[in-house]
Enquirer: 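Below you will find the structure I want to go over with you.
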Amino acid sequence: MYRTNTCGELRISDAGKTITLAGWVQKTREFGGMTFVDLRDRYGLTQLVFNMETEPDLCRQARDLGREFVVRATGKVAERSNKNQNIPTGDIEIHVTKLEILNPAEVPPFTIEEASDGGDEIRMKYRYLDLRRSPLQRNLALRHRMAQEIRKYLDLQGFLEIETPVMIKSTPEGARDFVVPSRMNPGQFYALPQSPQMFKQLLMVSGYDRYMQIVKCFRDEDLRADRQPEFTQIDCEMAFVEQNDILSTFEGMAKHLFKHVLNVDFDKPFLRIPYEQAMSEYGSDKPDLRFGMKIKEIGSQVTGFGFQVFDDAEYTGAIVAKGCAGFTRRQLDDLTEFVKKPQIGAKGLIYTRYSDDGTIKSSVDKFFDAAALQGWAEVTGAKTGDLLLILAGKKEKTLKALGELRLEMGRQLNLMNKNTFIPLWVVDFPLVEWDDETQRFYAMHHPFTAPKPEDIPILDIDPGKVHANAYDLVINGVEIGGGSIRIHDSRLQAKMFEVLGFTPEQAEYRFGFLMNAFKYGAPPHGGIAFGFDRWVSLFAGLSSIRDVIAFPKNNMGRDVMQDSPSQIDAEQLKELNIRLGQNEL
RNA sequence: GGUCGUGUAGUUCAGUUUGGUUAGAAUGCCGGCCUGUCACGCCGGAGGUCGCGGGUUCGAGUCCCGUCGCGACCGCCA
């Protein structure tokens, strides 16, 4: 046997046993007469002891060990005279009788400990070293645990895990595709799937009425801390269901995960909020409900006083920051700067302080008297001691800005505890959105999403007003997953393509196989897909998904360890029938 | 495509506002001392194209222009 135990399991009850451990040297501490070595593996840290008086050769050998040497040590488990409360193996140590260096190591560029001294860049370059650290190992173990629990739950619900192809047909709708040239079919390309959307719908047509897959998806779009070019979805589809069947099945899955991974119970059903309410109350389609501070419309209260900004505004809204009447001029200026950033895009910020001493002071006192300001308090629910923050402008933009301001206040006031989880369903999304640039409607979810039956009559007249049977699971302001009931009627699907501005020929070229399939008895069906990486990072309390992916890419889509993407030889290009443009040569 | 931040020792950073002698600290590394450490301690040492290129200047880590890397965000992501 290579080793008899791991570095995390020995306890005081093992004292006296002769054991063999193998692992990495984390640190050596040398004294005149003795040497301590911390030996690490995936399971923990165990202290090895060498005594110069009793075993001088071994002790000298131990002193030559460097950080991250791979060693095997045999010895006797002994109770420590000085115990370490901080680690699980802190009551024991190993009196080593045999030490083997399995592999020496160069000095690593950063320390491989719980908290490394290395920054992101160097740790990404040496990802295999960073992955040795316990925070990363915990994250990947959490990811594994969650994947197991998901499969366990869905298996019990009768879902089949079915693999779908990775090389598929390119569909220009939605995100940009990554493409793969076909050597055997010169000039033609596969695409990597943005999701297995059409395949899972075909599986419904084929009668696999409960499908699931934990699957890689690929989107060639610009990245963020929570977006990678390749990412993992928990992809699911069900036949013979209505929206509520799907929501309750996957609410069950979410609760199962919370219970069995974090030991968090939810006794009540998740809140369900229509899209329009989410937008009007939180200025976001993924509201963070860990705190209130709802947006209140105050337009009718503030117009007609001769204040141009309000009088001309399509919309005026406010949020109440509880207990913030004491904000300094400096703090308010900073908030104004915040909302004026181009990313937020507000023209300015108006505020009213309802001070503890009863005085009311606003940044627009010239136009509004105390009675008017008191009226605002009544409409918004602002009390003595509160601060009212007001934005005005175009409705949609102003709501989004208020939503950002609300989140900023939530951060400043520490209202976002990462150990509190408030899940909700956002429902009744619009079916399509208008794009000014290309002068056409785009599917908000995807082109197979079913309109709400009661809205079908206005699909021709006013597509922008049609609601969809589409839903998102949102937890703490993070969109964890989303899905819809699908269109299973080929005539309605054809109508949908028409609304999206496809000619019948274009629809046939891109989606013909799906529409054909629907002619042969498609069951009513719908599904959902979850961003697995985001869900793991949420459970891990992290804001970047990179720390829950073993080998992630940076924000330019590069793997800085492999240094990919990279050029390929002329020979390979020739074989693939690809000629590069002048810029790339 | 855009906005912002950042790049100095193996590593993490200070120094840049106001240009001026030999660019510092901590940690890691190497050597010495130390028999109960576990962030060990003490003494000593090595270690720098200040991202790269150009410009201004008597003089540039510091100012200007360009460029590259990294990070965050907006657009984008059905």
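If you're wondering where the values come from, they're calculated on a predicted model, not measured in any experiment. All chains are named by letter (A, B, ...) in the order of the sequence lines, taking the proteins before the strands, and each is independently numbered beginning at 1.
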Enquirer: Please evaluate residues A:F231 and A:F532 with respect to the criterion ring-ring contact (aromatic ring centres under 6.0 Å, His included), reporting the C-alpha separation (whole Å), side-chain torsions for both, the decisive distance (0.1 Å), and the verdict.
Expert: CA-CA 8 Å; A:F231 60 100; A:F532 186 47; over 10 Å; no

Enquirer: To the nearest angstrom, how far is A:R558 atom CZ from B:G69 atom P?
Expert: 8 Å

Enquirer: Can you list the steps and then say if A:V339 with A:L391 is a side chain to side chain contact (heavy atoms under 4.5 Å, CB included)?
Expert: CA-CA 9 Å; A:V339 299; A:L391 296 180; 4.3 Å; yes

Enquirer: Could you tell me whether the phosphate oxygens of B:C38, OP1 or OP2, come under 4.0 Å of any side-chain nitrogen or oxygen in A:R80?
Expert: no

Enquirer: Take atom C1' in B:C63 and the same atom in B:A72, then report the distance between them in whole Å.
Expert: 27 Å

Enquirer: Mind checking A:P447 for me? I need base, sugar-phosphate or nothing, with any heavy atom below 4.0 Å counting as a touch.
Expert: base

Enquirer: Just N and O in the side chain of A:K27: are any of them under 4.0 Å from OP1 or OP2 of B:C40?
Expert: yes

Enquirer: Tell me what A:M444 touches on the nucleic acid: a base, only sugar-phosphate, or nothing, going by heavy atoms under 4.0 Å.
Expert: sugar-phosphate

Enquirer: Using Watson-Crick or G-U wobble geometry with both distances under 3.5 Å, which nucleotide pairs with B:C77?
Expert: none

Enquirer: So which nucleotide does B:A14 pair with, by the Watson-Crick or G-U wobble rule with both distances under 3.5 Å?
Expert: none

Enquirer: Please measure how far the P atom in B:G36 lies from the corresponding atom in B:A26, and state the result in whole Å.
Expert: 26 Å

Enquirer: Regarding A:K83, tell me which of base, sugar-phosphate or nothing describes its non-hydrogen contacts under 4.0 Å with the strands shown.
Expert: base

Enquirer: Under a 3.5 Å threshold, yes or no: a donor from one side chain and an acceptor from the other, between A:E30 and A:T35?
Expert: no

Enquirer: For nucleotides B:C50 and B:G61, find the distance between their C1' atoms and express it as a whole number of Å.
Expert: 5 Å

Enquirer: Between atom CD1 of A:I94 and atom CD of A:Q47, what is the distance when rounded to the nearest 0.5 Å?
Expert: 9.5 Å

Enquirer: Any idea which of B:G36, B:C29, B:C73 is nearest the A:Q343 side chain?
Expert: B:C73

Enquirer: Can you tell me how far P in B:U8 sits from the matching atom in B:C70, rounded to whole Å?
Expert: 14 Å

Enquirer: With sugar-phosphate meaning primed atoms plus P, OP1 and OP2, does A:Q194 contact a base, only sugar-phosphate, or nothing at under 4.0 Å between heavy atoms?
Expert: nothing

Enquirer: Take atom CZ of A:R411 and atom P of B:C73, then tell me their distance rounded to the nearest Å.
Expert: 11 Å

Enquirer: Hey, what do you get for CD1 (A:I549) to CD (A:Q228), rounding to the nearest 0.5 Å?
Expert: 4.5 Å

Enquirer: Under a 3.5 Å cut-off for both contacts, is B:G48 paired Watson-Crick or G-U wobble with anything, and if yes, with which nucleotide?
Expert: none

Enquirer: Could you tell me how far B:U6 sits from B:C64 if I compare only their P atoms? Round to whole Å.
Expert: 13 Å

Enquirer: Return whichever of A:E30 or A:D226 has its heavy-atom-nearest nucleotide of RNA chain B closer to the 5' end.
Expert: A:E30

Enquirer: Taking only N and O in the side chain of A:R123, is any of them less than 4.0 Å away from OP1 or OP2 of B:C70?
Expert: no

Enquirer: On RNA chain B, compare the nucleotides closest to A:M52 and A:D38; which residue's is nearer the 5' end?
Expert: A:M52

Enquirer: Regarding B:C77, can its base be found pairing with the side chain of A:R219 as donor and acceptor, where the two atoms are less than 3.5 Å apart?
Expert: no

Enquirer: If the cut-off is 4.0 Å, is A:N554 near the phosphate of B:C70, judged by side-chain N/O to OP1 or OP2?
Expert: yes

Enquirer: State whether the distance check finds a donor on one side and an acceptor on the other, under 3.5 Å, for side chain A:R224 versus base B:G75.
Expert: yes

Enquirer: Round to a whole Å and report the spacing from CG of A:N86 to P of B:U37.
Expert: 13 Å

Enquirer: Roughly how many Å is it from CG in A:L65 to P in B:C30, rounded to a whole number?
Expert: 12 Å

Enquirer: Base, sugar-phosphate or nothing for A:F31? Non-hydrogen atoms, less than 4.0 Å.
Expert: base

Enquirer: Atom CD of A:E121 to atom P of B:G10: distance rounded to whole Å?
Expert: 15 Å

Enquirer: Centroid distance below 5.5 Å plus an interplanar angle below 30 degrees: do A:F36 and B:U37 meet both conditions?
Expert: yes

Enquirer: Does OP1 or OP2 of B:A72 have a side-chain N or O of A:N555 closer than 4.0 Å?
Expert: yes

Enquirer: In terms of side-chain heavy atoms of A:R29, which of B:C38, B:C73, B:U35 is nearest?
Expert: B:C38

Enquirer: Which nucleotide sits closest to the side chain of A:E93: B:G75, B:G36, B:U12?
Expert: B:G36

Enquirer: Look at all strands and tell whether A:V49 reaches a base, only sugar-phosphate, or nothing, counting heavy atoms closer than 4.0 Å.
Expert: nothing

Enquirer: Could you tell me whether A:R67 contacts a base, only the sugar-phosphate backbone, or nothing, with contacts defined as non-hydrogen atoms closer than 4.0 Å?
Expert: sugar-phosphate

Enquirer: What's the CE-P distance between A:M556 and B:C68, to the nearest Å?
Expert: 10 Å

Enquirer: Taking B:U49 as the reference, what is the distance to B:G2 when you measure between their P atoms (whole Å, please)?
Expert: 33 Å

Enquirer: When rounded to the nearest Å, what value does the distance between P atoms of B:A60 and B:G54 take?
Expert: 13 Å

Enquirer: With sugar-phosphate meaning primed atoms plus P, OP1 and OP2, does A:T449 contact a base, only sugar-phosphate, or nothing at under 4.0 Å between heavy atoms?
Expert: nothing

Enquirer: Compare the minimum distances between each of B:C77, B:G71, B:C38 and the side chain of A:R227, then state the nucleotide with the smallest one.
Expert: B:C77

Enquirer: Is the distance between the ring centroids of A:Y471 and A:F429 under 6.0 Å?
Expert: no

Enquirer: Using atom P of each nucleotide, how far apart are B:U21 and B:U62 to the nearest Å?
Expert: 14 Å

Enquirer: Indicate the ring-plane relationship of A:F518 and A:H525, choosing parallel, tilted or perpendicular according to the 30° and 60° boundaries.
Expert: perpendicular

Enquirer: Any non-hydrogen side-chain atom of A:E68 less than 4.5 Å from a side-chain atom of A:R40?
Expert: yes

Enquirer: Is the distance between the ring centroids of A:Y128 and A:F551 under 6.0 Å?
Expert: no

Enquirer: Taking only the side-chain heavy atoms of A:N51 (C-beta and beyond), determine which of B:U35, B:A72, B:U37 contains the nearest atom.
Expert: B:U35

Enquirer: What about A:D222, does its side chain sit under 3.5 Å from the base of B:C76 through a donor-acceptor pair?
Expert: no

Enquirer: Using purine N1 to pyrimidine N3 plus N6-O4 or O6-N4 for Watson-Crick, or N1-O2 and O6-N3 for G-U wobble, each under 3.5 Å, what pairs with B:G5?
Expert: B:C70

Enquirer: Whole Å only: how far is the CD atom of A:E221 from the C1' atom of B:C76?
Expert: 5 Å

Enquirer: Calculate the interatomic distance between A:D120 atom CG and B:A72 atom P; express it in whole Å.
Expert: 8 Å

